[in-house]
Amino acid sequence: MIQRIQSIYLLLAFLAMAACFMFPTATFTAVGSGGAEISGELNLIPKEAQDVQTLTQIQSGVPATMGQRGYVKTWPLVVLTILTAVIALVSIFLFGNRVRQVRVVAVGFLLGVVDVFLIFIWAIDSYVDGATAPFQCTEVDVTYGVGTWCPIAAVVLLFLAQRAIKKDEAKVKAADRLR
């Protein structure tokens with residue numbers, strides 16, 4: 001039932017996880033050893049980059065854009081993001097059995113936490129290190145994108161949904177007790 005607040009939270013969590021595929025997770029700019037500016041973007045699904053002769057461009061001092069291919073494999077993040085989004089969407093329709101709905105949302109919450117952990121600890125660092133290491137970059141500036149903050153919002157929304165479902169179940173049990 002979409003009119004319940006937990007259903008709204010779950011729908012928003014699904015939309016937040018879907019937005020992760022549309023926006024970059026992180027962008028970086030770095031200064032190579034030759035003084036050239038290097039930039040790159042980490043996406044869940046790598047986009048084709050125009051990094052033809054990137055090494056030549058960097059050595060000649062021309063700003064270059066690094067491709068994502070080969071620096072970090074994002075398939076674990078893609079799988080976790082899809083699983084979390086599907087769990088959020090499916091749990092909307094489990095309103096008939098609130099105990100099962102709480103358990104499913106709890107699993108989605110845990111997967112979302114693992115997703116956020118992997119984004120911050122593994123993906124961004126390994127991508128920036130892998131992309132800038134061959135060029136002996138002196139300064140690296142990482143900017144977290146919308147794709148980083150959306151999973152955090154989804155985790156918060158899943159937590160709020162779980163709380164609302166538990167509150168709903170407590171009201172039903174209290175009403176049954178009064179009868």
Review point. Do the side chains of C150 and V146 get nearer than 4.5 Å, heavy atoms only?
Key: yes
Practice item. Give a yes or no on this: more than 12 heavy atoms of other residues, nucleotides or ligands lie within 6.0 Å of atom CZ of R103. Key: no
Exercise for review: Measure the CG-CG distance between L157 and L12 for me, rounded to the nearest 0.5 Å.
Suggested key: 5.5 Å
Exercise for review: Report the distance from atom CG of L111 to atom CG of L80, rounding to the nearest 0.5 Å.
Suggested key: 6.0 Å
Practice item. Compare all side-chain heavy atoms of L10 with those of L89 and state whether any distance is below 4.5 angstrom. Key: no
Check your understanding: For S91 and Q101, which heavy atoms make the closest approach, and how far apart are they?
Key -> O-NE2, 2.7 Å
Exercise for review: Would you check if the side chain of T27 reaches a backbone N or O of E41 as a donor-acceptor pair within less than 3.5 Å?
Suggested key: no
Review point. Which heavy atom of V78 sits nearest a heavy atom of L44, and at what distance?
Key: CG2-O, 3.4 Å
Check your understanding: Looking only at heavy atoms, what is the nearest atom pair of G108 and T84, with distance?
Key -> O-CG2, 3.7 Å
Exercise for review: Indicate yes or no: at least one non-hydrogen side-chain atom of I45 is less than 4.5 angstrom from one of F21.
Suggested key: yes
Exercise for review: Over all heavy atoms of both residues, which pair between A161 and Q6 is shortest? Give the atoms and the distance, please.
Suggested key: O-CB, 3.7 Å
Exercise for review: Find out whether L42 and T74 are in side-chain contact, i.e. whether some heavy atom of one side chain is under 4.5 Å from a heavy atom of the other.
Suggested key: yes
Practice item. Check the angle between the aromatic planes of F159 and F109 and answer parallel, tilted or perpendicular using the 30° and 60° thresholds. Key: tilted
Study note, to complete from the structure: In terms of heavy-atom contacts, L77 and A123 come closest through CD1-CB, 3.5 Å
**Study point:** Spatial distance of atom CZ (F93) from atom OG (S7) [nearest 0.5 Å]
**Key:** 8.5 Å
